[in-house]
Amino acid sequence: MTFPSAEPPHWSRPGSDEPRLNRPVPERYPQIRPTSGYADPRVVHSGPGPGAGTEQEPERSAVLSARLVIVLSVVAGQLWALNVGVDAWMQGRTGTAWWCTGFEALSFVIALGAWWLGPRDR
Amino acid sequence: MTGTTDPEEALRDRISADSLTSRRDYLRVMTTVSGGLLVGSVAVSAGVLHRHGDAEAAEVPELRVADRLARGQAVLFNYPGEHDRAMAVKLADDTVVGYSTVCTHLACGVLWKEHRGEEGELYCPCHEGSFDIRTGAVTGGPPPRGLPKVLMVERADGSVWAVGTAFSDESVRHAACRQLGAIRPGTTVPSCPSGGGN
Ligand code: FES
């Protein structure tokens, strides 16, 4: 079998008949960059690379976790105090109930502080 | 929330803050919950919860609940308020005891079970809570407090009267002194602790 020329037959030629549309992708769509689809300009290759999905700022993350642990402990303490307070009030020990309320207030101040002391993460 | 104006810096911060989003939200939610618990506790101490026996002790007249009561028999009535469900039981030794029938766990109705325990007991079918029939103290199950009491007397003619109340786990004497203090403020009763008890 012989071909009349090096050109493939017109029906099997890839691309468009219009040469304008056969230019390379970056020329046709200057908006599309190799990093398109990523918000992070440091990502220059597609697909997960080394360090993908990990913390960007481990210290900041650790501080946030610590604050969260503090607030969770405080809330656990508050649930306990509310329980004690309700029991005390139901047994007619109003003074004890108010002490529990004081404890709740103190706990809330601590929780509020833990939330407040992280201007970047709140 | 860095206050930076440099867009490069802001983008950097946004990216590193991204993975912290859920923890940050959690922190905010839990801080709010903490505030809610404080509000709830203030409300409890200030007295939003209904408490058996809170109907003004000074104004509640004695209530005749039965003309006579046989041993082992129970009678239901409302005392001191219209909605304070209560029960009186006459025990085998002729003592008459009275309790609120609202379970201190989740407020189901408490039943008199004559054949449970040694002397019979007050039993809550909802979660199998049980209360001592002589003291109202919790003897089993999840209830956190004993039953509030209704102070009962049996008159010479056999009629049974409700004459006062006591809070959960409060001694009858303490309750009587407290109510005496409410009815006649300022009186000092020798057998009561000074201050009437509060
Ligand atoms: S409501 Fe009575 S035991 Fe739960």
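Order of the sequence lines fixes the chain letters, A, B, ..., with proteins taken first and strands second; residue numbering starts at 1 for each chain.
Considering all non-hydrogen atoms of both residues, A/Trp98 and B/Ala46 come closest at CZ2-N, 3.8 Å. The two residues B/Ser45 and A/Thr101 have their closest heavy-atom pair at OG-OG1, 2.6 Å. Smallest separation of non-hydrogen atoms from B/Asp169 and A/Gln91: OD2-NE2, 2.7 Å. Closest heavy-atom contact between B/Arg23 and A/Ser65: NH1-OG, 2.6 Å. The two atoms that bring B/Arg24 and A/Leu64 nearest to each other are N-CD2, 4.0 Å, heavy atoms only. The shortest non-hydrogen separation linking B/Ser34 to A/Val75 is CB-CG2, 3.9 Å.
Of the possible donor and acceptor atoms, none in the side chain of A/Arg122 sits under 3.5 Å from a partner among the backbone N and O of B/Arg28.
Contact count against chain A (heavy-atom pairs under 4.5 Å) is highest for B/Leu38 among B/Val42, B/Thr32, B/Leu38.
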Determine all donor-acceptor pairs shorter than 3.5 Å in which one atom belongs to a side chain in residues 108-115 of chain A; sequence neighbours excluded.
none

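Proximity to chain A among residues 63-72 of chain B is not found for any residue, judged by heavy-atom separations below 4.5 angstrom. Inspection of non-hydrogen atoms places no residue of residues 96-123 of chain B under 4.5 Å from chain A. Residues of residues 143-150 of chain B lying under 4.5 angstrom from chain A, judged on non-hydrogen atoms, are B/Pro144, B/Arg145 by number.
Counted within 6.0 Å of CD on B/Gln73, heavy atoms from surrounding residues, nucleotides or ligands total more than 12; the atom is thus considered enclosed.
For A/Val86, the parts lying near chain B are the backbone and the side chain together; criterion is any non-hydrogen pair under 4.5 Å. Both the backbone and the side chain of A/Leu68 come within contact range of chain B, with heavy atoms under 4.5 Å apart.
Between B/Ser41 and A/Gln78 there is no side-chain heavy-atom pair separated by less than 4.5 Å. Proximity of B/Tyr26 to A/Val71: side-chain heavy atoms (C-beta onward) are nowhere separated by under 4.5 Å.
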